[in-house]
Engineer: 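Got a structure here, written out as structure tokens. Questions coming.
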Amino acid sequence: MAMMRRILFGLKPATWKSRNQEIHILKWRNALDLRPRPYLLMLLQRWLPRNIDKFSPLFIRVFSTKRKGIYKTAAVKQKQIKKEVEIKQRMTVSELAEAMDKDTDHVYEALLHTSMDTDELDDDFVLDEKWIKDIIKKSGMKFRWAKLTEEKVKENKDAVKRPPADPALLVSRSPVVTIMGHVDHGKTSLLDSLRKTQVAAMEAGGITQHIGAFLVHLSSGEKITFLDTPGHAAFSAMRARGANVTDVVILVVAADDGVMKQTVESIQHAKKSNVPIILAINKCDKPEADPENVKKELLAYDVICEEYGGDVQSINISAIKGDNLMALAEATVALSEVLELKADCTGPVEAIIIECRNDKGKGPVTTAIIQRGTLRKGCVLVAGKSWAKVRLMFDENNKTMNAAGPSTPVEIVGWKELPSAGDEILEVESEQRAREVLDWRSYVEAQEKIKQDFEVIETKQKEHLEAYKKERESYISLNWRQRKSAMYRANKHLMANRPKEKREMDNFTLPIIIKGDVDGSVEAILNILDSYDVNEQCNLQVIHFGVGDISENDIVSAETFSGLVYGFNVNANKVIQQMATKKGIKIKLYNVIYQLIDDLKDELIAKLPPVLEENTIGEASVLAIFHVTVGKKEVPVAGCRVHKGQMQRKMKFMLIRDGHILWRGFLTSLKHLKDDVPVVKTGMECGLSLDNDIDIKLGDEIICYEEKEVQQSISWDPGF
């Protein structure tokens with residue numbers, strides 16, 4: 001108490017006033033938690049100056065104690081820190097989602113009420129800077145620009161052909177001859193007779209489905225490299241490839257069949273490649289053979305034989321009996337001498353790939369024709385985006401070779417990956433140099449793809465912007481509430497049809513996997529599938545294709561997409577077949593290409609929903625109208641005469657007036673005279689009432705029909 005008195009009387013009156021003013025500024029909630037001490041309140045009248053308010057906050061705060069646990073101050077909310085997203089000028093949907101640590105659906109939702117057409121979006125769609133900023137802003141985040149890294153201009157490190165060789169270094173080489181013509185005109189049989197083999201007998205369906213390269217030794221000592229190309233319509237790319245690497249084309253035409261579609265195509269390939277043609281008229285041993293008619297037909301395609309004043313040699317042959325084959329070989333050698341075929345056998349190798357395949361024991365194998373240089377074991381080669389260090393070389397009889405010069409067909413083993421048929425082979429100095437070449441080619445391909453993607457994106461965005469402007473014009477007369485409501489109604493369906501969900505909801509899609517024995521076979525199948533143009537009926541998706549036997553990865557991919565696996569001239573071992581059966585995946589293996597395509601068409605048709613087909617059973621004309629009372633209701637009855645077929649009570653009916661269908665449904669009654677009948681036949685009269693209250697007039701037609709579900713057919717024509 002003594003201490004308290006000293007504190008109170010130690011303060012001057014002016015100090016009490018100033019402290020009193022400061023206390024009044026305090027919030028009252030900070031003063032109400034104070035409890036006055038009762039024994040100190042007695043000091044109010046005895047010790048305090050008169051000009052001090054005895055109940056001021058100052059007095060209460062000084063002479064009071066805090067109530068424990070009565071009042072707790074609210075926790076101060078910390079300021080929310082916005083997440084910072086690092087952006088670039090252009091980003092894909094998936095890249096932006098990853099940078100924001102969100103899924104792609106979040107990005108689609110942010111773009112819903114904008115001019116962006118979300119129906120066209122997918123994860124690889126490239127967004128402009130404007131959309132990137134807008135999405136980040138709507139997501140409650142902020143952005144920062146990624147640091148720009150100056151990309152150095154890459155030096156061109158591609159491998160290129162050597163300049164033309166010195167004529168003094170050139171030596172004579174054997175001709176490369178391509179045998180071309182229509183399917184089943186005897187091309188492979190001709191080659192069999194020339195090299196005394198039975199290739200044609202071993203081919204599936206009796207037709208060639210690969211391009212083959214063979215070196216034939218003639219009895220005169222001459223060598224000729226023959227390329228046997230498929231004649232089937234599906235193998236156009238193979239025929240074109242054969243014409244591009246050849247010196248002479250032997251055009252085989254059957255004397256009993258004449259000029260056909262693939263004959264004309266072979267002529268076009270030869271002329272486009274500026275290659276001379278020798279005409280071999282085959283099957284001249286048949287009674288119905290007419291070689292002269294073939295020569296006349298070819299005049300229409302600018303193939304003029306020597307007998308008609310042209311420069312095309314023609315030889316009548318029989319491949320099966322071996323008639324006149326030596327004359328054909330001599331004509332080929334004579335033409336090659338006129339062409340003066342020469343090549344450089346020195347320096348790095350240059351070659352062209354004819355065919356590719358995956359071999360179980362050898363790995364990736366390519367069949368190539370050497371065009372320049374001499375290929376030996378240990379050479380480092382590049383082709384397309386693959387490279388090889390030659391481990392083994394084989395001829396067409398699977399015998400090992402130590403060296404292969406110009407015009408020699410050779411199988412090359414040692415590729416790291418399988419290149420593509422038609423790729424150019426170039427020899428390089430080392431493995432390191434080969435990797436540099438592949439890195440450069442991959443870089444160039446990536447840059448071209450980016451450029452093409454940007455062009456497509458810019459075109460689409462211009463279209464979307466124009467559509468958005470037109471849409472906005474329709475909202476000009478509306479206030480902001482009406483505008484928001486109209487935009488919501490227009491866009492609310494987009495959330496239910498995001499790209500991910502659309503793929504899952506689409507029942508009319510057939511995903512397939514294509515596996516072939518060689519690269520050319522897969523190429524031929526894909527070329528046929530490129531002609532598929534009825535995606536509105538059923539969407540055909542090739543989810544994977546490759547060379548080699550069917551593998552476990554193929555089954556897993558097919559299961560993921562609920563698809564089929566097609567194999568052409570390949571196998572699926574028992575383990576793979578059991579795995580496919582367990583997962584419910586169909587594996588379909590074929591050796592003939594048109595059988596594979598026919599099966600594919602059947603699978604596409606099976607995906608289509610059945611359609612209802614109406615078959616007319618009977619027709620009747622309304623001759624009179626009656627009204628019958630049923631209970632308390634008056635029901636109209638049409639008096640009719642059946643003039644075609646019959647009217648069946650349980651079938652469906654339609655009412656037609658002036659060519660327009662006014663009603664479809666069932667009858668409530670069908671009577672002949674006064675009897676209920678199930679059927680009324682042609683020429684009979686009947687009374688019938690409909691299940692709907694509709695105005696029937698004289699002259700109306702009533703048709704009795706049945707509906708049947710009929711399987712749709714696919715309108716795709718693969719061209720054969």
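For the single chain, residues carry numbers from 1 onward in sequence order. Quick note: numbers below take in every heavy atom, side chains included, and nothing from hydrogens, waters or symmetry partners.
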Engineer: Looking only at heavy atoms, which two atoms of L596 and G567 are closest? And how far apart?
Structural biologist: CD1-O, 4.2 Å

Engineer: List the steps, then state whether side chain to side chain contact (heavy atoms under 4.5 Å, CB included) holds for V680 with L688.
Structural biologist: CA-CA 11 Å; V680 179; L688 51 85; over 6 Å; no

Engineer: Mind checking what makes ring-ring contact (aromatic ring centres under 6.0 Å, His included) contact with Y705, not counting sequence neighbours?
Structural biologist: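 Y705 satisfies ring-ring contact (aromatic ring centres under 6.0 Å, His included) with no other residue.
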
Engineer: Answer yes or no: are there more than 12 heavy-atom neighbours, outside I625 itself, under 6.0 Å from its atom CD1?
Structural biologist: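 Check passes, neighbour count above 12.
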
Engineer: How about CD on E552, more than 12 heavy atoms from neighbouring residues, nucleotides or ligands closer than 6.0 Å, or not?
Structural biologist: no

Engineer: So, do Y566 and D599 sit near enough that their side-chain heavy atoms are less than 4.5 Å apart?
Structural biologist: yes

Engineer: With side-chain hydrogen bond (donor to acceptor under 3.5 Å, both in side chains) as the test, would you mind laying out the steps for T104 and S94 before giving the verdict?
Structural biologist: CA-CA 6 Å; T104 52; S94 57; over 6 Å; no

Engineer: CD of E619 to OG1 of T682: how many Å apart, nearest 0.5 Å?
Structural biologist: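 Going from the CD atom of E619 to the OG1 atom of T682 covers 10.0 Å.
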
Engineer: What I'd like to find out is whether the side chain of V622 reaches to under 4.5 Å of the side chain of C640, using heavy atoms alone.
Structural biologist: yes

Engineer: Side chains of S557 and D554: any donor to acceptor distance under 3.5 Å?
Structural biologist: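 Checked: D554/S557 side chains show no N/O donor-acceptor pair below 3.5 Å.
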
Engineer: Checking Q577 side chain against A572 main chain: does a donor-acceptor pair fall under 3.5 Å?
Structural biologist: yes

Engineer: If you look at every heavy atom in E297 and V259, which pair is closest and at what distance?
Structural biologist: OE1-N, 2.8 Å

Engineer: Can you confirm whether more than 12 heavy atoms, excluding those of D602, are under 6.0 Å from its CG atom?
Structural biologist: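 Count over threshold, so yes.
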
Engineer: Could you go step by step and tell me if N573 and N571 meet the side chain to side chain contact (heavy atoms under 4.5 Å, CB included) rule?
Structural biologist: CA-CA 6 Å; N573 60 43; N571 296 316; over 6 Å; no

Engineer: Between D691 and W663, does the side-chain hydrogen bond (donor to acceptor under 3.5 Å, both in side chains) criterion hold? Intermediate values first, please.
Structural biologist: CA-CA 10 Å; D691 64 356; W663 164 85; 3.2 Å; yes

Engineer: Please determine whether the number of non-hydrogen atoms from other residues, nucleotides or ligands lying under 6.0 Å from atom CG of D101 exceeds 12.
Structural biologist: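 Open.
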
Engineer: Would you call L670 and Q648 a side-chain contact if the rule is heavy atoms closer than 4.5 Å?
Structural biologist: no

Engineer: Evaluate the side-chain proximity of V637 to H627: yes if any heavy-atom separation is below 4.5 Å, no if none is.
Structural biologist: no

Engineer: For the atom pair CD1 (I605) and NZ (K607), what is the distance rounded to the nearest 0.5 Å?
Structural biologist: 14.0 Å

Engineer: Closest approach of G546 and V522, non-hydrogen atoms and distance?
Structural biologist: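 Smallest interatomic distance, heavy atoms only, reads O-CG2, 3.4 Å.
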
Engineer: Side chains of L690 and F653: closer than 4.5 Å at any heavy-atom pair?
Structural biologist: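 Answer no - side chains too far apart.
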
Engineer: So, for V642 and Q646, which heavy atoms are closest and what is the spacing to 0.1 Å?
Structural biologist: CG1-CA, 4.2 Å

Engineer: Under 4.5 Å between any side-chain heavy atoms of K681 and V679, yes or no?
Structural biologist: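 They are in side-chain contact.
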
Engineer: What do you reckon, is OH of Y532 surrounded by more than 12 foreign heavy atoms closer than 6.0 Å?
Structural biologist: yes

Engineer: Between D676 and R649, is the closest basic N to carboxylate O distance under 4.0 Å?
Structural biologist: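 Answer for the salt bridge query: no.
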
Engineer: Could you tell me the separation between the CG atom of D533 and the CG atom of L540, rounded to the nearest 0.5 Å?
Structural biologist: 11.0 Å

Engineer: Using side chain to side chain contact (heavy atoms under 4.5 Å, CB included), reason through V93 and Y108 one step at a time and then give a plain yes or no.
Structural biologist: CA-CA 8 Å; V93 171; Y108 297 137; 4.0 Å; yes

Engineer: For I576 and I555, work out which heavy atoms get closest and say how close.
Structural biologist: CG2-CG1, 3.9 Å

Engineer: Looking at every heavy atom in both D549 and K515, which two are closest together, and how far apart are they?
Structural biologist: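 In terms of heavy atoms, the two residues are closest at O-NZ, 3.1 Å.
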
Engineer: Rounded to the nearest 0.5 Å, what separation is found between the CD atom of Q712 and the CD atom of Q537?
Structural biologist: 6.0 Å

Engineer: Test your reading of the model: is there a side-chain donor-acceptor pair from H182 to the backbone of Q262, 3.5 Å cut-off?
Structural biologist: yes

Engineer: Taking K102 first and then E109, would you say they form a salt bridge - that is, a charged N and a carboxylate O separated by under 4.0 Å?
Structural biologist: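 No, no charged N to carboxylate O under 4.0 Å.
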
Engineer: For a side chain to side chain contact (heavy atoms under 4.5 Å, CB included) check, start with the C-alpha distance between L529 and W716, then their side-chain angles and the critical distance, and finish with the verdict.
Structural biologist: CA-CA 10 Å; L529 299 185; W716 172 43; 4.0 Å; yes

Engineer: In this structure, which one of L600, I525, V565, I543 forms a side-chain contact (heavy atoms from CB on, under 4.5 Å) with I512?
Structural biologist: L600

Engineer: Is there side-chain contact between I550 and I513, with at least one heavy-atom pair below 4.5 Å?
Structural biologist: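 No, every pair of side-chain atoms sits at 4.5 Å or beyond.
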
Engineer: Just by modelled atom types, is the H106 backbone N or O under 3.5 Å from a matching donor or acceptor in the D103 side chain?
Structural biologist: yes

Engineer: Side-chain contact test, heavy atoms from C-beta onward, threshold under 4.5 Å: evaluate it for M647 versus I702 and give yes or no.
Structural biologist: yes

Engineer: For atom CD of E98, is the number of surrounding heavy atoms from other residues, nucleotides or ligands below 6.0 Å larger than 12?
Structural biologist: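 12 or below, so no.
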
Engineer: If you measure from CG on D517 to CG on N358, what distance do you get to the nearest 0.5 Å?
Structural biologist: 10.5 Å

Engineer: To the nearest 0.5 Å, what is the distance between NZ on K582 and CD on Q578?
Structural biologist: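 Going from NZ on K582 over to CD on Q578, the span is 10.0 Å.
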
